[in-house]
Amino acid sequence: PATTPPVDALGVVLEKLAERGGGTFAPLDGDQRKAWRALPDPLQRFVVRVLVGACEALPWLRVAFDEPFLVAALGARGPAGLASRDLYRLAARPWTDEDETQTATLSRASFEALGRVDRDYLAYASVVFTMHLSVALAGWEAARATVDLAKVEGAALRVDTPLGAVRVLGPGDDAVTGADGPALLCLDLGGKDTYTGRIAVSSYPVAPISTFVDLAGDDTWDGGDVAA
């Protein structure tokens with residue numbers, strides 16, 4: 001609601017995201033609150049609205065995957081033991097395993113895993129998140145004339161969550177790499193930035209949603225030679 005202070009809304013939605021992601025959320029510390037308050041109100045509301053969308057989409061993303069089957073196929077210790085790299089290897093085995101120089105796999109679970117992903121749930125989750133993102137963008141477009149992004153100072157913010165980091169980059173020149181870890185949301189305010197590696201690449205189950213919004217600047221993007 002328009003009457004809700006964004007700093008309060010941020011804490012509430014991050015706590016709810018952590019709860020739905022199966023983790024815990026530590027309250028914002030003094031530096032994080034200071035960085036958050038440095039953002040103009042329209043940017044604060046943009047961030048909160050995008051995170052609300054992630055919170056609403058997350059349950060639909062979770063049920064799209066048959067976690068009991070994946071746990072059994074990988075021998076994991078429960079859903080919390082599922083790792084993105086192991087899931088990727090399982091799904092890729094029909095194309096990476098070989099027998100007598102021929103592409104072939106004995107992993108029946110690999111084929112079954114692909115068939116157990118509910119694409120209808122995935123599609124609905126995408127619709128839910130995109131709807132909230134569209135509202136956030138429309139709100140920003142309506143208010144952007146009131147904000148001079150080049151004059152936003154001290155806005156660098158990072159809040160780590162069980163679903164990836166929430167980051168706001170200031171109007172200066174930044175260097176962001178995929179090695180920085182997955183970002184649930186990264187909002188860049190401007191500058192001559194350099195982005196390398198896996199940026200805005202979702203990775204179930206740790207980072208099922210990853211969004212990058214670049215509002216201004218003259219940037220360089222280099223995804224490298226490695227597939228997302």
Side-chain angles (χ1 to χ4, degrees), residues 1-58 129 132-133 135-137 139-140 143-144 146-203 205-217 219:
T3 56
T4 302
V7 67
D8 296 333
L10 178 66
V12 171
V13 73
L14 287 175
E15 184 176 4
K16 179 60 69 174
L17 269 170
E19 176 186 316
R20 291 187 173 182
T24 57
F25 169 67
L28 301 179
D29 62 28
D31 289 339
Q32 290 169 328
R33 284 180 172 269
K34 181 179 179 180
W36 178 248
R37 289 194 175 100
L39 290 173
D41 182 85
L43 292 175
Q44 291 180 339
R45 294 191 181 278
F46 177 86
V47 171
V48 169
R49 284 167 175 160
V50 174
L51 294 180
V52 168
C55 190
E56 292 298 313
L58 186 59
F129 179 71
H132 284 274
L133 178 60
V135 171
L137 288 169
W140 164 247
R144 67 182 304 168
T146 66
V147 179
D148 186 348
L149 293 175
K151 295 182 179 179
V152 178
E153 298 180 356
L157 170 70
R158 180 180 179 122
V159 180
D160 290 311
T161 82
L163 300 173
V166 175
R167 303 183 65 187
V168 178
L169 307 177
D173 300 341
D174 299 293
V176 180
T177 73
D180 294 336
L184 170 59
L185 170 64
C186 189
L187 174 66
D188 178 54
L189 307 187
K192 295 181 179 180
D193 307 312
T194 302
Y195 305 104
T196 56
R198 291 162 55 95
I199 305 294
V201 178
S202 59
S203 181
V206 177
I209 299 172
S210 185
T211 305
F212 201 105
V213 180
D214 191 357
L215 296 180
D219 307 323

Peer 1: Are the side chains of Thr161 and Leu14 in contact, using a 4.5 Å heavy-atom criterion?
Peer 2: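 In short, these two side chains touch, coming nearer than 4.5 Å.
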
Peer 1: Is there a side-chain contact between Phe129 and Val50 in this structure, where contact means two heavy atoms from C-beta onward sitting under 4.5 Å apart?
Peer 2: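 They are in contact (side-chain heavy atoms under 4.5 Å apart), so the answer is yes.
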
Peer 1: Find the distance between CZ (Arg33) and CG (Leu10) and round it off to the nearest 0.5 Å.
Peer 2: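 That separation rounds to 8.5 Å.
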
Peer 1: Roughly how far, to the nearest 0.5 Å, is CZ of Arg144 from CG of Leu149?
Peer 2: 7.0 Å

Peer 1: Are the side chains of Leu51 and Leu184 in touch, meaning some heavy atoms are under 4.5 Å apart?
Peer 2: yes

Peer 1: For Asp29 and Gln32, work out which heavy atoms get closest and say how close.
Peer 2: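 The answer is OD1-N, 2.7 Å.
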
Peer 1: Is a side-chain donor or acceptor of Arg20 paired with a backbone partner of Cys55 at a separation under 3.5 angstrom?
Peer 2: yes

Peer 1: Mind checking the CH2-CG spacing from Trp36 to Leu28? Nearest 0.5 Å is all I need.
Peer 2: 9.0 Å

Peer 1: Check step by step if side-chain contact (heavy atoms from CB on, under 4.5 Å) holds for Val12 and Val48.
Peer 2: CA-CA 10 Å; Val12 171; Val48 169; over 6 Å; no

Peer 1: For the CG atom of Leu58 and the NZ atom of Lys16, what is their distance to the nearest 0.5 Å?
Peer 2: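 Leu58 CG to Lys16 NZ: 11.5 Å, rounded to 0.5 Å.
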
Peer 1: Measuring only between side-chain heavy atoms, which start at C-beta, is Val47 closer than 4.5 Å to Leu157?
Peer 2: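 They are not in side-chain contact.
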
Peer 1: Using atom types as modelled and distance alone, determine if a side-chain donor or acceptor of Glu56 lies under 3.5 Å from a backbone N or O of Gly53.
Peer 2: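 A pair under 3.5 Å: no.
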
Peer 1: Using side-chain heavy atoms (C-beta onward) and a distance below 4.5 Å, is Trp140 in contact with Leu215?
Peer 2: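 Result yes, sub-4.5 Å side-chain heavy-atom pair found.
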
Peer 1: Would you say Glu15's side chain and Phe25's backbone share a donor-acceptor pair under 3.5 angstrom?
Peer 2: no

Peer 1: Side chains of Asp41 and Thr146: closer than 4.5 Å at any heavy-atom pair?
Peer 2: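 No, too far: nothing below the 4.5 Å cut-off.
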
Peer 1: Is any side-chain heavy atom of Leu43 closer than 4.5 Å to a side-chain heavy atom of Val168?
Peer 2: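 Leu43 vs Val168: side chains apart.
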
Peer 1: What residue among Leu169, Leu187, Asp188 forms side-chain contact (heavy atoms from CB on, under 4.5 Å) with Asp214?
Peer 2: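 Exactly one option meets the side-chain contact (heavy atoms from CB on, under 4.5 Å) with Asp214, and it is Asp188.
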
Peer 1: Check for a donor-acceptor pair, side chain of Ser210 on one end and backbone N or O of Ala183 on the other, with a separation under 3.5 Å.
Peer 2: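 It does hold such a pair.
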
